[in-house]
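Below is one structure, written out as structure tokens; comments come after it.
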Amino acid sequence: MRITTWNVNSIRQRQAHLLDFLREEAPDVVCLQELKTTLETLPRAEIEDAGYNVAAVGQKGFNGVALLSKHPIEDVREGLPGDESDSQARYVEGVIAADGGVVRVASIYLPNGNPVDSEKYPYKLAFMDRLVAHARSLLRLEETLVLAGDYNVIPEPRDAADPAAWEGDALYLPQTRAKFRALLALGLTDALRACDDAAGRYTFWDYQAGAWQRNKGIRIDHLLLSPQAADRLDGVTIHKHERAKEKPSDHVPVTVRLRG
DNA sequence: ATGACTGGCCCTGCCAGA
């Protein structure tokens with residue numbers, strides 16, 4: 001089975017690219033981030049016509065996450081536990097019974113956190129703490145689990161074309177990277193790194209400063225696997241060509257393939 | 001060398017993103 005994560009940077013602006021992707025790649029599950037809309041204006045009928053069920057959390061203008069699945073989505077959780085006052089649409093999780101067995105999948109839009117001297121950085125760190133706690137409880141279920149999304153974390157120097165340029169940035173601060181390592185220390189596997197040690201495996205190129213043309217990218221979109229999912233890991237694809245299209249998202253889709 | 005974009009919204013400059 002194949003599971004894709006993609007920050008689309010407005011699902012309405014990216015509707016044609018998304019539908020093309022669903023038709024051409026036809027993954028079992030797609031985790032979307034940055035819908036930038038409420039559910040009223042989500043192109044739900046078009047997605048359903050492409051053969052996908054939808055579970056989504058919307059927000060006017062910002063954030064927004066979705067799970068698209070060829071198979072029914074059950075046990076949907078909207079929002080990350082641990083802070084009832086957090087109304088930002090950044091987390092949706094569901095259980096999907098596919099041909100190859102049952103898998104629990106989350107679509108995560110982790111806060112950016114810049115500027116770091118504002119309230120936004122503590123919010124990012126608190127969100128990461130809540131994600132660690134929730135992942136810990138999910139891992140106790142011993143399920144095939146995929147925590148996919150835009151983590152807004154550059155894990156290591158090899159994950160940036162110009163690491164020095166990111167020093168002091170919320171995506172790359174030592175505290176940010178340490179909390180990402182805390183996720184891995186729970187027993188989660190970074191799917192791309194389990195398959196490929198190379199530098200230069202980017203998933204995001206800024207719209208500004210010719211970042212795409214100069215390949216000044218970063219790797220911030222990740223698929224973290226439970227041990228039961230990692231046992232079935234069969235490969236990861238970064239759909240880099242999406243960034244070369246007209247009116248692209250600044251992020252490209254990343255797909256993990258699990259055996260069975 | 002420097003600066004460079006895109007999207008949504010209070011519809012028009014401003015906030016947010018990374």
Side-chain angles (χ1 to χ4, degrees), chain A residues 5-19 31-43 56-66 86-91 107-128 131 148-177 179-180 192 199-222 238 240 242-254:
Chain A
T5 183
W6 193 7
N7 178 324
V8 289
N9 187 19
S10 169
I11 194 168
R12 285 180 289 173
Q13 293 298 320
R14 228 60 64 202
Q15 184 175 327
H17 288 336
L18 173 63
L19 294 173
C31 303
L32 300 176
Q33 301 89 36
E34 276 210 273
L35 306 177
K36 290 190 168 182
T37 179
T38 56
L39 301 189
E40 290 75 56
T41 48
L42 196 71
V57 186
Q59 186 178 336
K60 189 178 175 74
F62 305 100
N63 306 323
V65 287
D86 182 1
S87 57
Q88 298 194 29
R90 295 183 175 275
Y91 187 92
S107 179
I108 303 163
Y109 181 40
L110 213 144
N112 174 303
N114 284 305
V116 296
D117 59 357
S118 73
E119 73 293 341
K120 293 183 180 185
Y121 191 57
Y123 173 68
K124 175 178 192 157
L125 295 178
F127 188 96
M128 294 184 83
L131 184 58
D150 175 2
Y151 279 75
N152 272 311
V153 176
I154 303 167
E156 298 180 56
R158 62 180 165 165
D159 296 312
D162 183 6
W166 294 94
E167 277 177 25
D169 190 282
L171 279 64
Y172 192 59
L173 277 176
Q175 276 190 85
T176 306
R177 296 168 57 197
K179 290 207 186 289
F180 186 77
L192 187 281
R201 300 306 191 220
Y202 309 134
T203 65
F204 169 91
W205 294 261
D206 202 292
Y207 290 124
Q208 298 189 67
W212 168 247
Q213 289 76 9
R214 302 192 304 156
N215 197 27
K216 294 281 188 187
I218 51 177
R219 188 176 75 96
I220 56 175
D221 299 274
H222 308 299
I238 299 173
K240 192 173 178 181
E242 283 290 338
R243 189 64 178 79
K245 291 185 174 179
E246 287 293 313
K247 298 277 286 177
S249 171
D250 39 9
H251 299 249
V252 296
V254 185

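Chain A is the first sequence line, chain B the second, and so forth, proteins listed ahead of strands; every chain is numbered from 1. Every heavy atom of this structure was used, including side-chain atoms; hydrogens, water molecules and symmetry mates were not.
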Does one side chain, of Ser249(A) or Asn9(A), offer a donor that lies under 3.5 Å from an acceptor on the other?
no
Salt bridge (Lys or Arg N to Asp or Glu O under 4.0 Å) contacts touching residues 205-218 of chain A (sequence neighbours left out)
none
So, Trp205(A) and Asn215(A): side-chain donor and acceptor under 3.5 Å apart, yes or no?
yes
Between Asn7(A) and Tyr207(A), just flag the one whose closest nucleotide in DNA chain B comes earlier from the 5' side.
Tyr207(A)
Is it true that Gln33(A) and Thr5(A) share a donor-acceptor pair across their side chains at a distance under 3.5 Å?
yes
OP1 or OP2 of dA18(B) versus the side-chain N and O atoms of His251(A): is any pair under 4.0 Å?
yes
Does the side chain of Ser10(A) get closer than 4.0 angstrom to OP1 or OP2 of dG8(B) through an N or O atom?
yes
Restricting to salt bridge (Lys or Arg N to Asp or Glu O under 4.0 Å), what partner residues turn up for Lys245(A), sequence neighbours left out?
Glu242(A)
Using the C1' atom as the point on both nucleotides, what is the distance between dA1(B) and dT12(B), in whole Å?
33 Å
Distance check, P atoms only: dC10(B) and dA16(B), in whole angstrom units.
13 Å
Got a sec, which residues hit side-chain contact (heavy atoms from CB on, under 4.5 Å) with Asn112(A), two or more places apart in sequence or on another chain?
Asn114(A), Asn152(A), Leu171(A)
Could you tell me how far apart Leu35(A) (CG) and dG8(B) (P) are, to the nearest whole angstrom?
11 Å
Applying salt bridge (Lys or Arg N to Asp or Glu O under 4.0 Å), name anything that partners Arg243(A), two or more places apart in sequence or on another chain.
none
Considering only residues two or more places apart or on different chains, which pairs with a residue in residues 157-171 of chain A satisfy salt bridge (Lys or Arg N to Asp or Glu O under 4.0 Å)?
Glu156(A)-Arg158(A), Arg158(A)-Asp197(A), Asp159(A)-Arg193(A), Asp159(A)-Arg219(A)
Roughly, in whole Å, what's the span from CG in Leu110(A) to P in dG17(B)?
12 Å
Listed partners of Gln59(A) passing side-chain contact (heavy atoms from CB on, under 4.5 Å), at least two apart:
Phe62(A), Asn63(A), Gln88(A), Ala89(A)
With sequence neighbours left out, write down each residue that passes ring pair (Phe, Tyr, Trp, His ring centres under 6.0 Å) with His17(A), or none if nothing qualifies.
none
Distance, P atom - from dA18(B) to dT6(B), rounded to whole angstrom:
16 Å
Which value, in whole Å, describes the distance between the C1' atoms of nucleotides dC15(B) and dT2(B)?
25 Å
Just call it for Gln13(A): base, sugar-phosphate, or nothing, with non-hydrogen atoms closer than 4.0 Å on any strand.
sugar-phosphate
Asn63(A) near the nucleic acid: base, sugar-phosphate alone, or nothing, with a heavy-atom cut-off under 4.0 Å?
nothing
Whole-Å gap separating P (dG7(B)) and CD (Glu246(A))
12 Å
I need the CG-P distance between Asp206(A) and dG7(B), as an integer number of Å.
13 Å
Phosphate OP1/OP2 of dA18(B): any Asn152(A) side-chain N/O under 4.0 Å
yes
Mind calculating the distance between CG (Leu32(A)) and P (dG7(B)) to the nearest angstrom?
16 Å
Give me the residues of residues 214-221 of chain A where at least one heavy atom lies under 4.0 Å from an atom of DNA chain B, by number, or none.
Ile218(A), Ile220(A)
Residues Ser118(A) and Tyr123(A): side-chain donor-acceptor under 3.5 angstrom:
no
In this structure, how many angstroms lie between the P atom of dG8(B) and the CD atom of Glu40(A), rounded?
16 Å
Can you name the atoms? Protein N/O to nucleotides 9-16 of chain B N/O, anything below 3.5 Å, with the distance.
unit_1, atom_1, unit_2, atom_2, d
dC9(B), OP1, Gly61(A), N, 3.4

Base dA18(B) to side chain Asn112(A), donor-acceptor N/O within 3.5 Å cut-off
yes
Check the distance between dA4(B)'s C1' and Asp162(A)'s CG and give it to me in whole angstrom.
16 Å
Can you check whether Tyr109(A) has a side-chain N or O nearer than 4.0 Å to OP1 or OP2 of dA18(B)?
yes
For nucleotides dG3(B) and dC9(B), find the distance between their P atoms and express it as a whole number of Å.
31 Å
Rounded distance (Å) that lies between atom P of dA18(B) and atom CG of Leu171(A)
7 Å
